[in-house]
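Quick note: numbers below take in every heavy atom, side chains included, and nothing from hydrogens, waters or symmetry partners. A note on names: the letters A, B, ... follow the listed sequences, proteins ahead of strands, and every chain is numbered from 1.
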4 protein chains.
Amino acid sequence: MQNTDGSERPATAPDRSLAVPDRLLSAASRLFADRGFERTSVQELVSAAGVTKGAMYHYFTSKDDLLYAIYQRVLTMQMERLNRFAGARGTPRERLYGAAADVVHTTVDNLDDTRIFFRSLHMLSDDRQTAVRKERRQYHERFRAIVEEGRRSGEFRADVPADIAVTQYFGAVHHLSTWYHGAGELTGAQVGAYFADLLLSGLTPDEPGGADPPGPAVQ
Amino acid sequence: MQNTDGSERPATAPDRSLAVPDRLLSAASRLFADRGFERTSVQELVSAAGVTKGAMYHYFTSKDDLLYAIYQRVLTMQMERLNRFAGARGTPRERLYGAAADVVHTTVDNLDDTRIFFRSLHMLSDDRQTAVRKERRQYHERFRAIVEEGRRSGEFRADVPADIAVTQYFGAVHHLSTWYHGAGELTGAQVGAYFADLLLSGLTPDEPGGADPPGPAVQ
Amino acid sequence: MQNTDGSERPATAPDRSLAVPDRLLSAASRLFADRGFERTSVQELVSAAGVTKGAMYHYFTSKDDLLYAIYQRVLTMQMERLNRFAGARGTPRERLYGAAADVVHTTVDNLDDTRIFFRSLHMLSDDRQTAVRKERRQYHERFRAIVEEGRRSGEFRADVPADIAVTQYFGAVHHLSTWYHGAGELTGAQVGAYFADLLLSGLTPDEPGGADPPGPAVQ
Amino acid sequence: MQNTDGSERPATAPDRSLAVPDRLLSAASRLFADRGFERTSVQELVSAAGVTKGAMYHYFTSKDDLLYAIYQRVLTMQMERLNRFAGARGTPRERLYGAAADVVHTTVDNLDDTRIFFRSLHMLSDDRQTAVRKERRQYHERFRAIVEEGRRSGEFRADVPADIAVTQYFGAVHHLSTWYHGAGELTGAQVGAYFADLLLSGLTPDEPGGADPPGPAVQ
DNA sequence: TATGAATGAGGTTTCATTCAT
DNA sequence: CATGAATGAAACCTCATTCAT
């Protein structure tokens, strides 16, 4: 597990059973997460991967290209998983719960990539930033569609924009990479259950006679 | 208002009525938010501030020092506001609502700083990272204390750890800097109201007979 | 006493009873000796002297000027002392011994200045380098004159150029600043006696039947 | 041959037949001797060597590293030569003469390095200063051992500490770089003979009835 | 495929000195 | 006499990338 206090995990010997591109991706994921994209030099990268500089430039056109490969890996994986849950049978409530809990679980399992995802977007070339944003938006829309469906069916409250609820949720998920340590804590599945639970509670319409939200306490 | 699509706002003429340190902080906040800390050269910085490099190093010991000053500004401001709401009269529900809506409001008003806050923490020196984390943790604890209080009084549900709820909330707030554009959208106050509302809904105990959260739909 | 291992002596509080120029000279002597002329910034200098930068530039036109003042102090003092011994009554042998022992003694008493003298000459402006070299040469000539006198009188051997002997001697004296530590060693006067003794032994004509210098043992 | 008056020798075209590190060492030796370590910029250095800055940092980790390489070259060469003479056959007198004359000869042949050696020690990092001092001390001890040997055998006088005699000698040798011009003067071998001669004369015991060193003439 | 020496532009920082007050 | 903010040139060094082998 990674640490989130800014210190770095000890270097690990490169896994020589992997192919060169995978060794590089693996080292990049770890190093970019630990010290940031710009603090990681190509030399450190290839040393950690047990590869030479020339070899790296054989497989990746640039350091930026390596970063982008990490984004692609995350985007593809998350979209594929979301599709599984969104397309399953069940009520919107059930499907949203499944998807919401799963994204937490997989995020916890890939904390390095998540940390990189939100921290280093601005280091990509403009074209690639745009491409990533577009894919991310599609993912977001797919998720939101489940919420909209539940609103139409009356399962979810309609007085809060679906967009707000979804955005809030993914904000929280993304934020995991800032505080989740892993060791001696809740498992990814447990956190996923809590998170999904909170999401659904927030979307559940108030019972008649339920407590009204108060106005501001100050000013 | 800033944009969140990676492109940059047009350069503004430095406000010559401000003192040199303030001109620098102002330019730094804008540039670090737009192109990132490491993509902003000291030369760009001082040019944008209408100041010479030597003048900058007269007031700040390093580029890192300038970044840290931004962190301090955010931390001080947020803690001061939280204290106002936390210490006000009212039920935990009312005080939590006030604090939760306010942090969204001020976050929207200082999107540049917020974006920097979470994106560039790893660019600070180790000592300063530690200091920022510590102050941030205190802020977080202060917020959580309100939730705990409401749990003891029975206003809030006790089956979700307070820590999870608070962390989730701040994740969402922090995430604002990734998607909130400002122009032609909800105002900061409106977003704050929605966010606080969702938070309180999530913390409100289920009415007897209310819908149970479903188990996972897949797997 | 100073150390010769490259480490620095602890900072001393500036002696506020001295006039500003003297405080500066005192601090400069210490700092230039400890960390070298170029490693000492004007800011460190004025801080150590308990003076402001403006005050320094009031009395000295440049950092170079301050360095030159140290050279002048050394040159004046040494020439004045040499004149005392050279002009005294006595045989060349006696006068040379006196001057030779004295220069060692005063060198040991002013190790900082001596260290600076030989190490930082090249940091002076060209004009000043020339001036210092000229004065130094005069000093040297004055000393050599005593040797020449002794050669003419037959007290000193004539088969080694006087220049060589004198140069060798001052080389050794200058070198004191590299190895003489002061604490728990010979006093300056003792070292002076040994040095002068060796000089005179070297200049004393061989007794008839004395050992001849051997040829080279190798090659 | 170099000059010792502070002016600089004209630039020479870099010898393109040498490898890059050697070209750099060669240029560094010349420039550091002429204008001093800190007055020589890395840019000047690489220009003189006909090399780019990047190439330099490929072979040397820093400017300091380049300086240290010069120290190592001197130390290694001198120690190797001393070992040849110290381990040769012959009386202490013969071996000391050989070593003493040789160190002068090689010093004159490498005046640039010698000048750098004693002038720029304080510009090395602390660790390296310590390392150089240690090696230098070993060299010194090896030389002194010959003197001690001669004292035990009665060849050398015992009333002056061997340390003093040796230190004095090396002071003189080191000082050569301050005054020896080379052109139209004594050759290195000649100066070596004179120096060694003076050293041995100084160490030779006084004949019975020889002149006593006088007491101080003044004070 | 793979190497690693070499490039060269650009980075942050230092610092002696000036000058309005 | 003294201040200290401001200057601006120049310093050392890094690093992604290229290319001859």
Side-chain angles (χ1 to χ4, degrees), chain A residues 19-21 37-47 50-67 123 125, chain B residues 19-21 23-24 37-47 49-67 123, chain C residues 19-21 37-47 50-67 123 125, chain D residues 19-21 23-24 37-47 49-67 123:
Chain A
V20 167
F37 176 77
E38 44 289 300
R39 289 265 164 107
T40 305
S41 74
V42 170
Q43 185 55 59
E44 285 167 335
L45 205 47
V46 297
S47 296
V51 157
T52 66
K53 245 188 269 200
M56 183 199 125
Y57 279 96
H58 181 72
Y59 291 106
F60 298 92
T61 65
S62 64
K63 193 185 167 192
D64 186 271
D65 198 36
L66 197 44
L67 178 60
M123 302 307 293
S125 73
Chain B
V20 168
R23 290 227 294 275
L24 282 165
F37 176 76
E38 45 289 305
R39 288 267 161 105
T40 304
S41 74
V42 170
Q43 185 53 61
E44 286 167 335
L45 201 49
V46 297
S47 295
V51 157
T52 64
K53 247 186 277 200
M56 181 198 129
Y57 280 97
H58 185 70
Y59 290 104
F60 298 93
T61 63
S62 63
K63 193 184 166 193
D64 186 273
D65 198 37
L66 197 43
L67 178 61
M123 301 306 293
Chain C
V20 168
F37 177 75
E38 44 289 302
R39 289 264 163 107
T40 305
S41 73
V42 170
Q43 184 54 60
E44 284 167 334
L45 204 47
V46 297
S47 296
V51 158
T52 66
K53 245 188 270 201
M56 182 200 125
Y57 279 96
H58 182 72
Y59 291 107
F60 298 93
T61 65
S62 64
K63 192 185 167 192
D64 186 272
D65 198 37
L66 198 42
L67 178 60
M123 301 307 293
S125 74
Chain D
V20 168
R23 291 228 293 275
L24 282 164
F37 176 76
E38 44 289 303
R39 287 268 160 103
T40 304
S41 75
V42 170
Q43 185 53 59
E44 285 167 336
L45 201 50
V46 297
S47 296
V51 157
T52 63
K53 241 185 282 198
M56 181 198 130
Y57 281 97
H58 185 70
Y59 291 105
F60 297 93
T61 62
S62 63
K63 194 185 167 192
D64 185 273
D65 198 36
L66 197 43
L67 178 60
M123 301 307 293

Sidechain-backbone polar pair: D:Arg39 side chain, C:Met123 backbone, donor-acceptor under 3.5 Å: yes
Whether B:Lys63 side chain and B:Phe37 backbone form a donor-acceptor pair below 3.5 Å: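 Here the side-chain-to-backbone pair exists.
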For the pair made of [atom1] in [X] and [atom2] in [N], what is the distance, rounded to whole Å?
X	N	atom1	atom2	value
D:Leu67	F:dC12	CG	C1'	15 Å
D:Glu38	E:dC15	CD	P	13 Å
B:Glu44	E:dG11	CD	P	7 Å
C:Gln43	E:dT13	CD	P	18 Å
D:Arg39	E:dC15	CZ	P	14 Å
A:Leu45	F:dT14	CG	C1'	16 Å
C:Leu66	E:dT17	CG	C1'	14 Å
B:Leu24	F:dA6	CG	P	10 Å

Given DNA chain E, 5'-ward residue of the pair C:Lys63 and B:Ser62, judged by closest heavy atom: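 Comparing both residues, the 5'-ward one is B:Ser62.
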For DNA chain F, the dot-bracket pattern of Watson-Crick and G-U pairs whose distances stay under 3.5 Å, | for other-strand partners: .||||||||||||||||||||
Once rounded to the nearest 0.5 Å, what's the spacing between atom [atom1] of [X] and atom [atom2] of [Y]?
X	Y	atom1	atom2	result
A:Thr52	A:His58	OG1	NE2	10.5 Å
D:Met56	D:Leu45	CE	CG	6.0 Å
B:Leu24	B:Phe60	CG	CZ	5.5 Å
C:Ser41	C:Lys53	OG	NZ	7.5 Å
B:Leu66	B:Thr61	CG	OG1	9.5 Å

Nearest heavy atoms of D:Val20 and D:Ala55, plus distance in Å: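 Here D:Val20 and D:Ala55 meet closest at CG1-CB, 4.5 Å.
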5' priority, DNA chain F, between A:Thr40 and B:Val20 [closest heavy atom]: B:Val20
Residues in contact with DNA chain F, drawn from residues 53-61 of chain C - heavy-atom cutoff 4.0 Å: C:Gly54, C:Ala55, C:His58, C:Tyr59
Side chain proximity check, C:Tyr57 to C:Val42, heavy atoms < 4.5 angstrom: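 Heavy-atom side-chain distance check passes, below 4.5 Å.
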